[in-house]
Structure formats: structure tokens, C-alpha cells
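Everything quoted here is computed from the prediction, not taken from an experiment. Chain letters run A, B, ... following the sequence lines, proteins first, then strands; residues in each count from 1.
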Amino acid sequence: MRVRFAPSPTGPLHIGGLRTALFNWLFARHHGGHFILRLEDTDQRRLVSGSAEHIMSMLRHYGLDYDEGPDTGGTFGPYVQSERRERHFRRAHWLVQQGAAYPCYCSAERLAAVNAEKRSRGQPSGYDRHCRELSQSQRAALEATGPRPVIRFRMPLEGQTSVQDAIRGELHFDNARLQDAVLLKSDGFPTYHLAHLVDDHDMQISHVMRSSEWLPSLPLHWQLWQAFGQERPVYVHLPVLLNPNGKGKLSKRHAGFTQNGKQVLVLAQEFIDAGYLPEAVRNFLTNIGWSMPDEREFFPVEAAIEDFELRRVNPADSVFPVEKLDWLNGMWIRELSLKDLADRVRPLVLEAGLELDDARLRKVIPLMRERMRSLHDFVAMAGFFFRDRIDDPEAEAIIQRRMDAAGTLRALQAARQRLGRHDRVDCAALEAEMRALAQELGIKVGQLFGSLRVAVTGQRVSPPLFETMEILGPETCRERIDRAIVTLQRQA
RNA sequence: GGCCCCAUCGUCUAGUGGCCCAGGAUGUCACCCUUUCAAGGUGAAGACACGGGUUCGAGUCCCGUUGGGGCUACCA
């Protein structure tokens with residue numbers, strides 16, 4: 001089994017592209033086959049420099065290793081389509097010799113005019129096959145004076161083309177509706193239709209797994225294989241990813257758009273930036289349009305490889321279920337070792353401009369692991385560990401439910417006094433002491449702890465209080481409680 | 001407009017004629033646990049788009065309607 005992912009290097013890798021790559025990769029790994037990366041760069045005008053490297057680095061990041069590709073090599077190279085253009089050129093002209101294709105000299109202007117005219121009469125648009133039956137002499141004349149021709153495929157005018165899709169079965173198309181598609185452009189480069197077919201044959205691809213947007217051109221490809229007299233690979237059309245509101249496919253959207261005030265991520269890179277683990281994204285993507293036989297949704301990639309089968313691919317397009325990604329990311333974070341999580345969080349702490357105390361980071365990680373859904377949650381909830389000074393919390397935040405400023409002040413002063421006796425904080429001992437204090441004061445532990453929490457962390461929600469205080473150390477805690485006391489005194 | 005594909009809880013899905021007055025997951029809500037938030041546990045609400053057939057029997061097969069999506073380039 002040989003499959004390929006064939007993106008065109010015209011910009012950053014889209015999440016939909018990543019999903020297509022993933023399914024190909026899973027299929028190859030399940031069958032012990034080969035997964036190949038081929039760059040389809042035949043549209044010279046749309047090339048974006050650096051995107052080939054970007055695509056390869058994204059595949060690496062998400063763990064989709066390829067067995068053959070532009071940078072890894074392989075016995076079927078080159079893996080960059082533009083480097084194969086002579087082969088494409090020869091195959092196009094071979095088709096012309098066979099009578100299966102013909103040169104077309106029509107200008108872009110004429111094509112546009114024909115389309116406009118057809119449309120105005122309410123007819124389906126398309127090429128009028130003007131050059132299909134040119135005589136030898138007409139052709140020679142145009143060859144001498146005219147512009148450089150394109151090569152078009154000579155589609156059968158009647159009958160039907162019956163094609164086979166691995167997950168939809170047999171599909172039928174009326175040939176009369178089909179176009180004489182361009183195979184070779186006037187710049188000598190092939191179009192996708194010709195190039196993918198020639199390359200898939202040369203690279204001995206057994207299964208073409210691609211997005212279902214390609215379904216309408218399958219009959220063309222079917223006919224092309226026949227014209228070449230070659231055995232076709234199995235074609236598999238994967239369902240498309242839809243926008244969160246179900247309107248339109250996701251790939252139509254560009255980076256960083258928002259919907260209902262929420263940021264919608266569409267680029268492979270954006271998921272990294274948002275703090276999602278590659279394991280989680282991969283697991284998430286696997287569950288869209290495919291399901292485990294036992295319906296598990298949280299599983300290691302090895303399990304997906306083990307069970308991956310085409311018959312479990314759902315033909316229906318699907319909305320991108322983002323909330324599930326958040327859940328899975330949390331699950332995967334909890335799956336990480338403390339060291340691994342620390343390694344992944346460290347760059348974000350630095351990036352946030354915080355002071356990186358590594359010993360402290362390692363102490364905070366176990367407190368945070370079960371509280372994170374995104375890697376960014378660490379900085380958001382535990383950032384105060386890595387700041388010398390926190391913003392003084394408002395009195396209103398320090399004072400807990402059914403408490404007043406005076407009562408809170410008394411409580412904090414008492415707590416401060418007890419804390420004064422320690423030169424280190426032992427969280428279990430401190431907790432016991434504070435519980436006792438709450439009882440003495442006749443307030444609830446939640447009220448005391450709540451005030452302390454806000455005083456010490458500056459936040460209403462935080463990791464467990466006494467573990468937090470132990471890590472912060474008595475000096476920092478006293479200092480922060482003192483500031484809270486001042487705030488309350490001002491209030492009173 | 002034409003052609004093609006698709007259609008189960010809000011969303012992702014299981015379901016290949018009787019095991020389904022439809023199961024799981026997520027999200028939502030409630031309760032338990034609990035120093036906050038999580039995590040964990042328990043529970044609740046929530047779907048076979050509609051109409052015809054076929055069949056003893058249809059979520060499952062066929063037809064139509066509706067809805068959604070894709071394609072309609074010398075882009076992929």
C-alpha cells in the first residue's frame with residue numbers, strides 16, 4: 001500500500017490539509033505501507049516561498065512522518081512536482097499523438113467571452129470545444145502565428161462514466177456534462193489533473209485519499225487513466241470540514257477569523273499557538289469522519305493505527321467540534337509526565353515575560369496539571385508564582401460572602417500573626433492551624449481560606465491554597481497578606 | 001442555473017432489516033466530593049429532516065421533497 005499527501009506550497013498548512021494527511025498516514029501505518037509527501041507546485045503564480053518548509057515542519061510537529069518526500073528522498077523522486085514537468089509534458093503530448101488530447105489556441109479573452117455568452121442564454125458555462133476538430137492546416141497556421149496552445153483532453157461526448165469511490169461506491173456521470181479540461185498549460189506546466197495522475201502512476205500510489213471537493217473531477221481522472229491505458233489506484237474521497245456554524249467549508253476561511261466573538265482556528269500553526277498538544281490535535285482530528293470500533297474517543301495514536309479502516313469513514317461532512325478539542329487537550333495534558341509538562345510549559349512562561357524559576361516551576365506543575373485545558377492556562381492561573389509583585393487585589397475581592405471589611409481584617413490579622421511564627425510553610429500543618437483559626441473566629445473555612453487566597457494569589461481561583469503558600473514561602477505570603485490588610489484598613 | 005455528494009441528540013458519532021420506545025462522547029444543567037477552580041463520581045434534558053413505497057417488520061433498502069455541502073479556472 002502506497003499513499004501520499006500532496007499539498008501545494010501556496011501558503012500555511014490548513015487544519016483540513018492536516019486532517020487529510022493524517023488519514024493517509026493512519027492508513028499507511030495500519031497496512032504497513034508507505035506514506036509519501038509530494039509537493040504540487042505547478043501553479044507558478046501562487047507559490048509562496050517558505051511554505052514548503054512550513055508544511056514539512058507542521059507534519060513533523062504533528063508526528064506524521066513520511067517515508068518518502070522532498071527532504072527525505074526515496075526511490076520514486078523527485079518529490080517536487082515542478083521537477084517532473086518534462087515527464088508531464090511528454091505524457092501530455094503522448095496523449096495528443098494518441099488522439100486522446102488536442103492543442104487549443106483559444107485566448108483567455110475568447111474563453112471569457114464564450115462563457116459570458118453562454119451564461120447570458122442561461123446555459124451551463126464551459127469551453128465550446130472550438131479547437132477540438134481543427135484540421136491539419138488550420139492547426140499549422142495557428143501554430144505559426146497564434147499564442148502558445150494549451151493541451152486539452154478529448155472527453156467522450158456521449159455515454160456515461162462510471163467511477164468508483166472507496167467509501168461511496170459506484171457513481172455515474174453523464175459525459176455530455178463533462179468538459180475538455182486543460183491538461184497542460186501554455187506555460188508548459190501541467191494542471192493538477194494531469195500531474196497527479198502521472199505522478200501517482202510513476203510513484204506506484206495504490207490509494208488516492210483526498211478531500212471530497214475532488215469528487216466532481218473524478219470522471220475526468222477516470223477517463224484519463226483509461227486514455228493512458230494504466231491501472232487506476234483506488235480513489236477515496238474524505239468528507240470536508242465545515243465551519244462551526246455549518247455554513248461553508250472551513251478551508252474557505254483564512255487565518256484568524258472570529259465567529260460570535262470567538263476566535264476560530266483554521267491553520268495548523270494556530271493550534272500550536274493556542275496551547276494545544278500535537279497528541280490532542282491528532283486524536284481530535286482522528287475522531288472527525290472516523291470512529292473507533294468500540295467508540296472510544298480518547299486514545300493513543302497507536303490504537304488508531306491498529307484499528308484504522310476505510311469502512312469506518314463516515315461520508316458526511318462535519319462541523320468542526322472545537323469543544324471536544326478542549327476536553328481532549330485536558331485529557332492529554334493529564335496524561336503527560338510532570339517533566340514533560342514542565343518542558344512544554346516553560347517556553348510559555350518565558351514568552352509571557354515572567355521570571356522563570358525552574359525549581360519553583362517543577363513544584364507548581366503537579367498542582368496545575370489537572371487544572372489545565374490549554375497550555376496557556378498555566379500562565380493564566382499560576383502566573384503569580386513567577387512575579388515578585390502582584391497587583392493589589394481590591395478589598396471587594398478579599399472580602400468573602402457574608403463577611404464585612406472589619407471581620408475580614410480581623411481574620412487576616414490573626415492569620416498573619418500565626419504565619420509569623422513559621423520560617424517555612426508546611427502545608428498540612430498550616431492547613432490544620434488555619435482550620436482551627438476559622439473555628440476560633442467563628443467563620444467558615446471557606447471564608448477564611450477565600451480571603452487568604454485572594455490576598456496571597458491576587459486571584460479568586462487558584463491552585464490549592466496551602467500548597468500554593470508552601471511554594472510561595474512564608475516571606476512572600478506575609479508580605480502579600482500585609483498589603484491586603486492595608487487595603488482593608490483603608491476601606492474601614 | 002447545471003452536475004455531484006451528504007442527511008441520527010446543539011456538536012462529533014454508534015448503528016450494514018428484528019438485539020433500538022435508538023447507544024457513546026462532548027457541551028449544558030443538577031447533585032456528590034470539596035478551601036476556590038479543576039479533576040473524579042452520579043444523574044437529567046436532548047436526535048433517526050419530511051412524505052411515499054418495499055417488507056411480517058425500516059434509523060437501516062428504494063423513490064420523491066426539503067435542507068446542507070462541493071464543483072462549475074491555463075488554482076489545487
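A sub-4.0 Å separation between OP1 or OP2 of B:G70 and a side-chain N or O of A:Ser212 is absent. Contact check, A:Arg312 against B:G15: a side-chain N or O comes under 4.0 Å of OP1 or OP2. OP1 and OP2 of B:A39 both lie 4.0 Å or more from every side-chain N or O belonging to A:Arg369. Of the side-chain N and O atoms in A:Lys118, none sit less than 4.0 angstrom from OP1 or OP2 of B:G1. Between A:Thr191 and B:C75, a side-chain N or O to OP1/OP2 separation shorter than 4.0 Å is absent. Proximity of A:Lys249 to the phosphate of B:C5: no side-chain N or O atom is located under 4.0 Å from OP1 or OP2. In terms of phosphate contacts, A:Arg46 brings no side-chain nitrogen or oxygen within less than 4.0 Å of OP1 or OP2 of B:A73. One finds a side-chain N or O of A:Arg152 lying less than 4.0 angstrom from the OP1 or OP2 phosphate oxygen of B:C74.
Side-chain atoms of A:Arg371 come within donor-acceptor range of the base of B:C37, with a qualifying N/O pair under 3.5 Å. Contact of A:Arg435 with B:U35 (side chain to base): no donor-acceptor pair of N or O atoms is detected under 3.5 Å. Put simply, the side chain of A:Gln123 and the base of B:G1 share no donor and acceptor less than 3.5 Å apart. No donor-acceptor contact under 3.5 Å links the side chain of A:Glu213 to the base of B:G69.
Toward the 5' end of RNA chain B, the nearer of the two residues A:Arg460 and A:Val313, judged by each one's closest nucleotide, is A:Val313. Looking at which nucleotide of RNA chain B each of A:Cys106 and A:Pro239 is closest to, the 5′-most match is held by A:Pro239.
Across all strands, A:Pro219 comes closer than 4.0 Å to no nucleic acid atom at all (heavy-atom distances). Nucleic acid contact for A:Gly289: sugar-phosphate only, since backbone atoms but no base atoms lie under 4.0 Å from a heavy atom of the residue. Using a 4.0 Å heavy-atom cutoff across all strands shown, A:Ser211 reaches no nucleic acid atom at all. Here A:Arg148 lies out of heavy-atom contact (under 4.0 Å) with every strand. Within the nucleic acid shown, A:Pro190 comes within 4.0 Å of sugar-phosphate atoms alone, with no base atom in reach, counting heavy atoms only.
Between A:Ser211 and A:Leu238 there is no side-chain heavy-atom pair separated by less than 4.5 Å.
More than 12 heavy atoms of other residues, nucleotides or ligands lie within 6.0 Å of NZ in A:Lys118, so this atom counts as buried by the packing criterion. More than 12 heavy atoms of other residues, nucleotides or ligands lie within 6.0 Å of CZ in A:Phe298, so this atom counts as buried by the packing criterion.
Each of A:Leu194, A:Ile151, A:Leu184 was scored for a side-chain contact (heavy atoms from CB on, under 4.5 Å) with A:Phe89, with one residue passing: A:Leu184.
Between A:Trp222 and A:Tyr235, the angle of the ring planes lies from 30° to 60°, which puts this pair in the tilted group.
Remark: C1' of B:U26 and CD1 of A:Ile288 are 12 Å apart, rounded to the nearest angstrom.
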